[in-house]
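Shown next, in structure tokens, is the structure this report addresses.
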Protein chains: 2
Amino acid sequence: MTPDDFHLSSFLPYRLAVMSERVSRRLSVEYGRSHGLVVAEWRVLVHLLRCGAVSVRDIHNCVNLEKPRVSRAVSRLEMEGLVQKSQGEGDGRLVAISLTDAGRRALADIIPAATRIEEHLTAAVSAEDLDAFFRVMEHMHSVLDEDPEAKPRPTMDFNRGSEVMP
Amino acid sequence: MTPDDFHLSSFLPYRLAVMSERVSRRLSVEYGRSHGLVVAEWRVLVHLLRCGAVSVRDIHNCVNLEKPRVSRAVSRLEMEGLVQKSQGEGDGRLVAISLTDAGRRALADIIPAATRIEEHLTAAVSAEDLDAFFRVMEHMHSVLDEDPEAKPRPTMDFNRGSEVMP
DNA sequence: TCAATATCATTTCAAATGCAACGAATTTGG
DNA sequence: CCAAATTCGTTGCATTTGAAATGATATTGA
């Protein structure tokens, strides 16, 4: 491949960035207009719905956000009454962050719309193509997992050890 | 789908964001460490390699960057001698931005490494899966194209009209 | 036991970001 | 021909960002 044949528009990292940003922005219209949330707050809320009372560190590990960003998102959400912080039981450094009822209500409002957008994106895609799509995604992750220059893959919110609020 | 079954880690927009950011960061190690570039500057350089002398507006339309970001990226690149600005011929508002020899040399340095990363990501993927992958990407774009709430898809750097430096 | 080290959440601070406003140049329409 | 409206690139400004520092708590190991 000579450098002259190099196109941004066919370059995989660029195509991923464009797609990701386009989808992300479309989604943010949903939680932004209806509840004034930004992406960091949305991710924190969703993580809490699944994982209950967790620490900032745990959120940081699971939702691909830097720690300060999580900390600030949690503060804003607390001010708006969507989450609550309480002193962790054992370790005094940890903060136990959990959803309030208002937070749960907000999610109950947003999640159906978010799911609708997601489904709409792939509604006309065949099961085979969709399988292949995620197979390729998974493969790219595994390539990066082997690459010492790449950042580790974020922890998934399932199949984690017992390090959630020890 | 009840809200309780909603997982961030299986949510398509989130998965796209994680993959995109991971790939993008890995790539930025390449042009960052070797030439001190950031992603905006990298995109501008690549676009110029393909499209010659173009305006800020044209770059903005083609590389998915806001206009101020393009303007500032071009300024930095000019300071470092990788691009040059000249008065556009006809329209006095337009600025004709083009690569310098140093800019071309930088690209000749970076592009092979970037291509290697891209190839490595999909080297072990079957042609069928890769086709399916891009088919799904294209379909998601076409869904967003129909969505009035979504931002328009950026112009590709090929098959554009003659609106490049009219 | 207790000093040294590590981890947690937050804050600091400088840089990046993007919307909106701006001045300059061009196009439009009367 | 010229006033109004549009488009260009840049800059102002408030917000967001994240790496590093901070202070508080835990853990380690001698």
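Quick note on labels: first sequence line is chain A, next is B, and so on, each numbered from 1. On a predicted model such as this, the values are computed, not experimentally measured, just so you know. Just so it is clear, the values below take in all heavy atoms, side chains as well, and ignore hydrogens, waters and symmetry mates.
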task = For Ile97(A) and dA9(C), give me the distance from atom CD1 to atom C1', rounded to whole Å.
result = 9 Å
remark   = To the nearest 10 degrees, the angle between the two end axes of the helix from dT1(C)-dA30(D) to dG30(C)-dC1(D) (five pairs per end) comes to 20°
request  = Give the rounded distance in Å between these two atoms: CD of Gln87(B) and P of dC8(D).
outcome  = 14 Å
task = Output, in order, the C-alpha distance, side-chain angles, deciding distance and verdict of side chain to side chain contact (heavy atoms under 4.5 Å, CB included) for Leu48(B) and Ile59(B).
result = CA-CA 8 Å; Leu48(B) 291 179; Ile59(B) 301 174; 4.3 Å; yes
inquiry  = For the backbone of Val95(A) and the side chain of Ser55(A), can you confirm whether one donor and one acceptor N or O come within less than 3.5 Å of each other?
reply    = no
Donor-acceptor contact below 3.5 Å, side chain Glu146(B) vs main chain Val143(B) = no
Between protein and nucleic acid, restricted to nucleotides 21-26 of chain C and to nitrogen or oxygen atoms under 3.5 Å apart, what atom pairs and distances do you find?
residue: dT26(C); atom: OP1; partner: Gly92(B); partner atom: N; Å: 2.8

query = Could you give the CG-to-C1' distance, from Leu94(A) to dT7(C), as a whole number of Å?
reply = 9 Å
task = Decide yes or no for Arg26(B) and Val29(B): does some side-chain heavy atom of the first lie under 4.5 Å from some side-chain heavy atom of the second?
result = yes
query = Would you say a side-chain N or O of Lys85(B) is under 4.0 Å from OP1 or OP2 of dC8(D)?
reply = no
message = Using whole Å, what does the distance between atom C1' of nucleotide dT10(C) and atom CD1 of Ile59(A) come to?
response = 14 Å
request  = Could you walk me through whether Val46(A) and Tyr14(B) pass side chain to side chain contact (heavy atoms under 4.5 Å, CB included), step by step?
outcome  = CA-CA 11 Å; Val46(A) 171; Tyr14(B) 176 72; over 6 Å; no
key: Sugar-phosphate or base contact per nucleotide [nucleotides 11-20 of chain C; S, B, -; heavy atom under 4.0 Å]   = BB----SBBB
ask   = Rounded to the nearest Å, what distance is computed from the CG atom of residue Leu65(A) to the P atom of nucleotide dA19(D)?
value = 13 Å
ask   = Lys151(A) side chain N/O closer than 4.0 Å to the phosphate oxygens (OP1, OP2) of dG18(D)?
value = no
pair Asp91(B)-Leu94(B): side-chain heavy atoms closer than 4.5 Å = yes
key: Trace of the side chain to side chain contact (heavy atoms under 4.5 Å, CB included) decision for Arg69(B) with Val39(B)   = CA-CA 11 Å; Arg69(B) 216 168 150 197; Val39(B) 62; 3.6 Å; yes
key: Test side chain to side chain contact (heavy atoms under 4.5 Å, CB included) applied to Leu45(B) and Val63(B), Leu77(B), Ile110(B), Ile111(B), the passing residue   = Leu77(B)
ask   = How about His47(A) and Asp58(A): does a side-chain donor come under 3.5 Å of a side-chain acceptor?
value = yes
request  = Measure from the side-chain N and O atoms of Ser28(A) to the backbone N and O of Arg25(A), and report whether any donor-acceptor pair falls under 3.5 Å.
outcome  = yes
task = Before accepting this row, confirm whether a basic side-chain N of the pair Asp145(A)/Lys151(A) lies closer than 4.0 Å to the acidic partner's carboxylate O.
result = no
